[in-house]
Amino acid sequence: MCGIVGAIAQRNVTGILLEGLKRLEYRGYDSAGIAVLDRASGAIACTRRSGKVAELENALAAEPLDGTIGIAHTRWATHGKPEERNAHPHVASSRIAVVHNGIIENFEQLKADLQAKGHQFASDTDTEVIAHLVYDQLQQGVAFPAAVKATIAQLHGAYALAIMDREQPGLLMAARMGSPLVLGVGIGEHFIASDPLALLQVTDQFIYLDEGDLAEVTLDGVVVRDRAGETASHPVQRFEHGQDAADKGEYRHYMLKEIYEQPAVVEAVLEGRLGSDKVYEEAFGAEARAVFDRVKAVQIIACGTSYHAGLIAKYWIEELVGIPCQVEVASEYRYRKTVALPDSLFVTISQSGETADTLAALREAKESGFLACLTICNVPGSSLVRESDLALMTNAGPEIGVASTKAFTSQLVALLLTTLVLGRRHGLDPAVESELVGCLRGLPALFTQVLALDEPIKALSEQFADKNHSLFLGRGAMYPVAMEGALKLKEISYIHAEAYPAGELKHGPLALVDKEMPVIVVAPNNSLLEKLKANMQEVSARGGELFVFADKDAGMVAEEGLQLLPVPESHTLLDPLVYTLPLQLLSYHVAVLKGTDVDQPRNLAKSVTVE
Ligand code: HGA
């Protein structure tokens, strides 16, 4: 995903900008560029390269830039191919340079209007219209800050922007709407970045911009105005130790830290992907629209936890999109003769993007007549991302605990975004998309409420630590949630755990039920609840111990043999996300009580790069 760095100082800022871009490389990108105001001539000097920041660095080593004010960018294309001419910064009439993260929805209309006025465009990007709009305002005699303000008033969509004017060598403008942006505060120098990590080499003092903010950044300071034009007084905040992924901070284990990161991770996976009432399909890549227009079936391939995410997506896709969706573990798929349905999208899911079986399945699929390949992945630049036509990054940040937690929920969010984008083409009511977009926006807060169940879950876990076996039950999309709950428990506590669709109990596993076999049930208040209650009766009648995670309104009462943990209510389609967190916490606390190596369970590896 794109990255922005900007700087104004009394020294050459090229090195600062380049270092900032390197620090943003982990987000993934396809090209990079830097523009400064040349100290000698005052002209905009701009160098861009497709490919890695190292290519840009080589170009700058051959022909160095020298300027005390500049902007820089790593691009992940949404509009226009990943080529040098589409790389940022975009420059209008040698005067205005712009770097942009996000998507301008109305760029086609704006571009047509500007072209009618004689503006000439050098790229296929949506971003370039911003540079021309600002320039157009300047031509009408509007001052630079007001020109930026008038420009952003015309933009529909999401943006973080850093803008430079050749005629204003002491001023950078920054604006934020729907994509994050921070200002870095130094002594006699100031900075802009899409992520504070980009600037830690020069400052640890940051001002976090709010939606709609517009900032003037000079050598001496920053002035931020909110969307109403009032001066905003955001505090300068010190970047705290512990925001580093490789640091456990206050947590005893990475796994617990990663469980608690999930509200922020949901925000990260949604970042820049949601309009006011819809999902941006461009977030899947510049070629996405042409592919999605043709999709009539979906084949999902994954392993382990990612496979469970795929199973949940099947329920979503068949319900909301109404097209067939098949899901299979990669190690099976790759070794059997398979048949691709016509116009089928091949979807891989992997945290690392290097999962050997999944990668092999992708390579097989490319020879099998699929329409295109999409990967849902957490590591930009990984093999799956490089070898797929489309990618949706999950932006969960490095996951260090071997048992996947935040990567799983970020995959689910990404798969729900995919479902909505496909649904739009298959008659999904826009009101449903809009409602779900609203629910997704509320998900971080809902996750925070669910995490508040930690203490009661910890108390519950004490009843598991001496058990050798357990059964997880769910119905519908909650069955794969039960599968994921069982996998988590066995991975880190080494307790044997099996998951069943509750309706299958009577076909065998009921024979196992006794007092020594805890039965964990995920029971949201959905259309299958009454059926599920009947299955729970089957367990109780045989002396089984039920541990039920249920919606507050599910009408369940705790009683002898039934312990109840109320879970906050959510939209039915979001229940798989919401009910996953209590199961993660349960496994974690059981494992801690058992004294296992929670972050590195025996016999397992994080990134499974072998067959
Ligand atoms: N729409 C712009 C920026 C893309 C972006 O923010 N990607 O993460 C472009 O395509 O250049």
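First listed ligand is number 1; within each ligand, the first listed atom is number 1.
- In terms of polar-atom proximity, Trp76 is counted as a contact of ligand 1, with an N or O under 3.5 Å from an N or O of the ligand.
- The aromatic ring centres of His308 and Phe408 sit 6.0 Å or more apart.
- The shortest N/O to N/O separation between Cys2 and ligand 1 falls below 3.5 Å.
- With respect to Arg85 and Asp124, a salt bridge is recorded, a charged nitrogen being found less than 4.0 Å from a carboxylate O.
- Considering both main-chain and side-chain atoms, His100 never comes within under 3.5 Å of ligand 1 through any nitrogen or oxygen pair.
- Listed by number with element, the atoms of ligand 1 under 4.0 angstrom from any heavy atom of Thr127 are 2 (C), 11 (O).
- The contact set between ligand 1 and Asp126, taken as ligand atoms under 4.0 Å from a residue heavy atom, comprises 1 (N), 2 (C), 9 (C), 10 (O).
- Taking the six-membered ring wherever Trp is involved, the centroid distance between the rings of His79 and Phe107 falls below 6.0 Å.
- Here's the thing with Asn101: none of its N/O atoms is less than 3.5 angstrom from an N/O atom of ligand 1.
- For Gly80, the heavy-atom gap to ligand 1 stays at 4.0 angstrom or more.
- Counting non-hydrogen atoms of neighbouring residues, nucleotides and ligands closer than 6.0 angstrom, the CD atom of Gln140 exceeds 12 such neighbours.
- Using a cutoff of 4.0 Å between basic side-chain nitrogens and carboxylate oxygens, Glu57 and Lys52 are not scored as salt-bridged.
- For Arg441, the CZ atom is densely surrounded, since the number of other residues' heavy atoms within 6.0 Å is greater than 12.
- Residues Lys81 and Glu83 are not paired through a salt bridge, judged by the lack of any N-O separation under 4.0 Å between the basic side chain and the carboxylate.
- At under 3.5 Å, a nitrogen or oxygen of Gly102, whether backbone or side chain, sits near a nitrogen or oxygen of ligand 1.
- Within ligand 1, counting atoms from 1 as listed, the ones closer than 4.0 Å to a heavy atom of His79 are 1 (N), 10 (O).
- Heavy atoms of His88 approach ligand 1 to within less than 4.0 angstrom.
- Checking only distances, Arg75 does come within under 3.5 Å of ligand 1, N or O to N or O.
- Remark: Lys366 NZ is packed, more than 12 non-hydrogen atoms of other residues, nucleotides or ligands lying under 6.0 Å away.
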